[in-house]
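Note that these values count all heavy atoms, side chains included, but never hydrogens, waters or copies made by symmetry. These numbers were taken from a predicted model, which means no experiment stands behind them.
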Amino acid sequence: MKNSTKKWLWQHPRNIMAILLMFLVIACSDDEDSAPEITLGQLSSEYEGPCNHGSGFTGADYAISIPYSGTENDNLSSILYTITVEGGPTQETQSNFNDFELNDGSGTLTWNSCILFLDADWIDLEIRIETTDGVVSSAASIRLNRTDFDN
């Protein structure tokens, strides 16, 4: 069988070329293609006071600063965020935007959100941004601590 395989390979140059091309494609695959093109920096927050959460409870209004880089002619479609409450569940959701223009290269977004802590002392917030072209950034996280003004 070994001898017939060698004979088959050498008698059919197209087979050799196909096998070499297959190995070349596998060897040259670029793992960096799956890396996000837009990168978020370290998030920061500023407590801006109490807010009406809409559920009948008072929440805490936070301005979240979201530094980003790697943009070029991009428009913001949505902010994707995951909220993990101390001792509670994790919730994934998004805030939609109507074609908000991002600075080319880098910039900082400020996103205000009314957050309801209830009995939790802290909330972990993970944020990603998505462009109108469907490009999703890397993730960045911040822990928000309960203030004396929210319930």
Side-chain angles (χ1 to χ4, degrees), residues 9 13-151:
L9 281 174
R14 270 189 283 168
N15 297 338
I16 294 172
M17 293 302 288
I19 292 170
L20 288 175
L21 182 60
M22 182 179 67
F23 284 121
L24 182 64
V25 168
I26 291 170
C28 293
S29 68
D30 190 0
D31 292 337
E32 292 180 21
D33 286 345
S34 61
E37 295 175 20
I38 300 173
T39 304
L40 299 186
Q42 179 63 46
L43 303 177
S44 60
S45 68
E46 185 174 326
Y47 173 73
E48 296 195 335
C51 57
N52 182 354
H53 190 267
S55 61
F57 293 96
T58 300
D61 183 13
Y62 280 93
I64 310 292
S65 293
I66 309 169
Y68 61 88
S69 62
T71 55
E72 185 176 327
N73 299 319
D74 291 317
N75 291 318
L76 180 65
S77 169
S78 57
I79 293 179
L80 311 168
Y81 57 99
T82 303
I83 296 176
T84 304
V85 179
E86 174 198 26
T90 296
Q91 177 185 356
E92 293 183 23
T93 192
Q94 69 183 47
S95 290
N96 294 317
F97 291 83
N98 188 15
D99 236 6
F100 178 82
E101 192 173 324
L102 299 170
N103 293 333
D104 283 349
S106 64
T108 301
L109 294 170
T110 300
W111 175 57
N112 282 71
S113 186
C114 185
I115 297 177
L116 184 61
F117 282 80
L118 292 176
D119 293 330
D121 286 329
W122 54 262
I123 291 176
D124 285 337
L125 183 64
E126 179 186 273
I127 292 180
R128 292 172 292 143
I129 62 174
E130 181 178 16
T131 68
T132 54
D133 292 334
V135 175
V136 178
S137 72
S138 65
S141 300
I142 190 169
R143 177 166 284 182
L144 302 175
N145 293 305
R146 181 186 182 104
T147 67
D148 293 333
F149 302 103
D150 53 318
N151 21 339

Subject >> Minimum side-chain heavy-atom gap N145-D121 below 4.5 Å >> reply: no

**OP:** Would you indicate whether F100, at its atom CZ, is surrounded by more than 12 heavy atoms from other residues, nucleotides or ligands within a distance under 6.0 Å?
**Re:** no

Original post:
Which heavy atom of A140 sits nearest a heavy atom of L43, and at what distance?
Top reply: O-CD1, 3.4 Å

**OP:** State the CD1-OG1 distance between I79 and T93, to the nearest 0.5 angstrom.
**Re:** 11.5 Å

Subject >> Between CZ on residue R128 and OG on residue S137, distance to nearest 0.5 Å >> reply: 7.5 Å

Original post:
For N73, does its backbone N or O pair with a side-chain atom of D104 as donor and acceptor, under 3.5 Å?
Top reply: yes

Original post:
How about T132 and S77: does a side-chain donor come under 3.5 Å of a side-chain acceptor?
Top reply: no

Original post:
Can you check whether N103's main-chain N or O pairs, donor with acceptor, with Y68's side chain at less than 3.5 Å?
Top reply: yes

**OP:** Please work out which of the three classes, parallel, tilted or perpendicular, describes the rings of Y47 and Y62, given edges at 30° and 60°.
**Re:** perpendicular

Subject >> Chi angles and distances behind the side-chain contact (heavy atoms from CB on, under 4.5 Å) call for T71, T131 >> reply: CA-CA 9 Å; T71 55; T131 68; 5.8 Å; no

Original post:
Got a second to check how far S69's OG is from E37's CD, nearest 0.5 Å?
Top reply: 12.0 Å

Subject >> Test applied, side chain to side chain contact (heavy atoms under 4.5 Å, CB included); reference residue, I66; option that passes from T110, I142, I127, L76 >> reply: I127

**OP:** Flag yes if more than 12 heavy atoms outside E48 fall under 6.0 Å of its CD atom; otherwise flag no.
**Re:** yes

Subject >> Interatomic distance, L109 atom CG to I64 atom CD1 [nearest 0.5 angstrom] >> reply: 12.0 Å

Subject >> Smallest separation among heavy atoms of F117 and L144, with atom names >> reply: CE2-O, 3.5 Å

Subject >> Point-to-point distance, once rounded to the nearest 0.5 Å, from CD of Q94 to OH of Y81 >> reply: 9.0 Å

**OP:** Decide yes or no on side-chain contact (heavy atoms from CB on, under 4.5 Å) for T90 and D124, but give the supporting numbers first.
**Re:** CA-CA 9 Å; T90 296; D124 285 337; over 6 Å; no

Subject >> OG1-CD distance between T84 and E92, expressed to the nearest 0.5 angstrom >> reply: 9.0 Å

